[in-house]
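Convention: sequence-line order gives letters A, B, ...; per-chain numbering from 1.
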Amino acid sequence: MSASSGEYGEVFDRGYRHYAGPRLGTPHAIWALARYSMARALGIRRSWTAKIVPMVLYGAAAIPVAIAIGIRAFVPGFEFLDYPSLFTAIFLLVGIFVATVAPEMISSDRHDRLLPLYFSRPIGRTSYVLAKLLGAGILTLTIALVPVVALWLGNGLLSDEPLTAMQEGLGDLGRIVVAGAMISFYLGAIGLLISSFTGRKSVAVGVIILGFVLSESLAFAISQALQDQPDLTRWTFVLSPSLTIATMVDGLFGNVEFSADVPLAAVFAVMAAVIAICCLTMFAWYRREL
Amino acid sequence: MVAENGAGTSIETSALTKRYGTVVALDTVDLAVPRAAVGLLGPNGAGKSTLLKILLGLSRPTSGGAAVLGRDAIGDGAEVRRLVGYMPETDTLPNGTTAADFVSHMAEMSGLPQRAARQRAADVLYHVGLDEERYRLIGGFSTGMRQRVKLAQAIVHDPELVFLDEPTNGLDPLGRDEMLGLIERIHRQLGILVVLSSHILDDVERVCDYVVVLDRGRVAASQPLRAQIDDLADLHVRIDGDPEPFLDLLRQRGIAARPAGIEYLSDEFIVSRDGDATLDAIRDASAETGSPLRLLRPATRSLEDLYVDSVGMTAVADERRIQERAR
């Protein structure tokens, strides 16, 4: 930048400079897109109205944890909320959260006709879908995992011997992280898939919420219809995200009442298959001509 | 397949064909476009947007090959997209984001690190005239400002070549003039190659050095726009008085000349040029015959002439109507 100084000031010539710095690869672009999508979904650097829904949902998810830790602080040894119960308690919030952020992350690109801009850059269509899944998964983790981890921390710190309690609870922490991650990417993938078919966010929000509700009714109806065939009935959970998550959480935390009939590995396989099917469908969908 | 050395060309295509069902959008298009500001002209449905999409890797051809900046546009699309920028025709901007955030994000999408992306976004928005407005939400921008943001995102990663699809769409005369000024600057001062797809002949004539005319999926013309400026261009001559002695003298020196207009009315001629000796011969013939030389300039063919020859009068009438509307 050149400058000519004068008595009263300086005039700077901001001539165009060519860029000679590094150009990073696809992983950088994927992370940048995931980060941008997350910020956009949370309303960061946007108007205040865009921030309301996510913040309300975060607040709502924090309430049961705050109450549980508060009671534990005043009544030592009293635990009324275990981890599977908390996962179940916040499932509805997580579902609404996904129904809110997934359309914001992917429908708005279609609505604003940004896809030609993305796909005319080095990032490919596969990377685009992976970035969106990464963003949706991480963002959902913040509401599906953080409250449960906070409860685990609260339980540990409020015990008589915090360090020992936390060491002994590391197994629980591992299970919490696995459950939170599976829930986040599973619901995130479903939410993204539904949202990817429309550029209208309100439609996507409605279809996602309706889909969660109807899928549970459908699973219930089919299980009733197949009452005399227990081999089939025990698999009807795959039709409903809420039942799938409940089965996975109960299996992971050893609640045999729900999970005895279905191996935990099979539940994980079902969830992984759903994530894979959602991704493959989106790959095919975005590979179409623009 | 197109050769990938492409040292002197920005775009090369070889028998490039694209069919949508029974509709042929591009029909065995062969091009070798030099590194210049290139105008891509043609009526609606000529195949301009299809060609751009194939060159950007947004669409796959039915057959044939294409190279951009010497890289295979079909087999190595990611590398091509690393080197080019694209300003689409449609309004493709997120209303709820600031111009700085959006342009910076697009820079990161092209591989620039976060900090460099923000710096580049600020620089480029300054150069397109949006320095003051860069922290405002795009939703509040006028059409002209939105076009500038689109231009900024197309050049933020410092591409070698930028594809501009109808960049003056929807702009008022002043906005159009400013946009064309920016595009001229991008090419002439910043050294970025430009491919300008447009319906408007004036836009191409003002900005471009080379023109490709497409008509119904075929190449109707592909040539320098200002060939007349070359030393090789023929000469347009007008003299006062009887032209015959003047023309005889030229013929005696082996220089061919033909009437420039309707023969029996014309005192103007197109003289075939063969280096500077032709200029000397015209000067001498004028002096020897006592015929004052009233006009001596390269024999120009306007872009409109070229377009008429290539596409036909119907298309020109359409373009004129579009231009009238644009004004």
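Nearest heavy atoms, B:Pro113 versus A:His28: CA-CE1, 3.9 Å. Shown here for B:Ser110 and A:Pro122, the closest heavy-atom pair between the two residues is CA-CD, 4.0 Å. When all heavy atoms of A:Arg17 and B:Arg120 are compared, the pair lying nearest together is O-NH1, 2.7 Å. Of all the heavy atoms in A:Leu24 and B:Arg82, the pair that sits closest is O-NH1, 4.0 Å.
Annotation: the span from A:Leu117 atom CG to B:Thr92 atom OG1 amounts to 4.0 Å, rounded to 0.5 Å. Taken to the nearest 0.5 Å, the CZ atom of A:Phe119 stands 13.0 Å off from the NZ atom of B:Lys53. Here the CG atom belonging to A:Asp112 is positioned 7.5 Å from the OG1 atom belonging to B:Thr97, to the nearest 0.5 angstrom. With values rounded to the nearest 0.5 angstrom, B:Phe102 atom CZ is found 9.0 Å from A:Arg40 atom CZ. Going from atom CE of B:Met109 over to atom CD1 of A:Ile30 covers 9.0 Å, rounded to the nearest 0.5 Å.
The interface of residues 147-158 of chain B with chain A, defined by heavy-atom distances below 4.5 Å, comprises B:Gln153, B:Ala154, B:Ile155, B:His157, B:Asp158.
Ranked by heavy-atom pairs shorter than 4.5 Å toward chain B, the options A:Ala29, A:Gly124, A:Ser120 are led by A:Ser120. Residue with the most contacts toward chain A among B:Val124, B:Leu93, B:Leu56: B:Leu93 (heavy-atom pairs, distance under 4.5 Å). For the options B:Pro94, B:Gly96, B:Ala116, heavy-atom pairs under 4.5 Å to chain A are most numerous at B:Pro94.
For the pair B:Leu112 and A:Arg23, the minimum side-chain heavy-atom distance is below 4.5 Å.
Contact annotation for B:Met106: both backbone and side-chain heavy atoms come within less than 4.5 Å of a heavy atom of chain A. For B:Glu79, no part lies near chain A; criterion is any non-hydrogen pair under 4.5 Å. Interface remark: A:His18 contributes backbone and side-chain atoms alike to the contact with chain B (heavy atom separation under 4.5 Å). Neither the backbone nor the side chain of B:Leu83 comes within less than 4.5 Å of any heavy atom of chain A. For chain B, no part of A:Ser108 is nearby; none of its heavy atoms comes within less than 4.5 Å.
Side-chain N or O atoms of B:Arg81 include one that pairs as donor or acceptor with a backbone N or O of A:Arg121 at under 3.5 Å.
Note: B:His105 and A:Tyr36 have parallel aromatic rings, judged against thresholds of 30 and 60 degrees for the angle between ring planes.
Salt-bridge check for A:Arg113 with B:Asp91: failed, with every basic side-chain N at 4.0 Å or more from each acidic carboxylate O.
When the shell of 6.0 Å around CZ of B:Arg136 is examined, it contains more than 12 heavy atoms from other residues, nucleotides or ligands. No more than 12 heavy-atom neighbours from other residues, nucleotides or ligands sit within 6.0 angstrom of NE2 on A:His111. When the shell of 6.0 Å around CZ of B:Arg118 is examined, it contains more than 12 heavy atoms from other residues, nucleotides or ligands.
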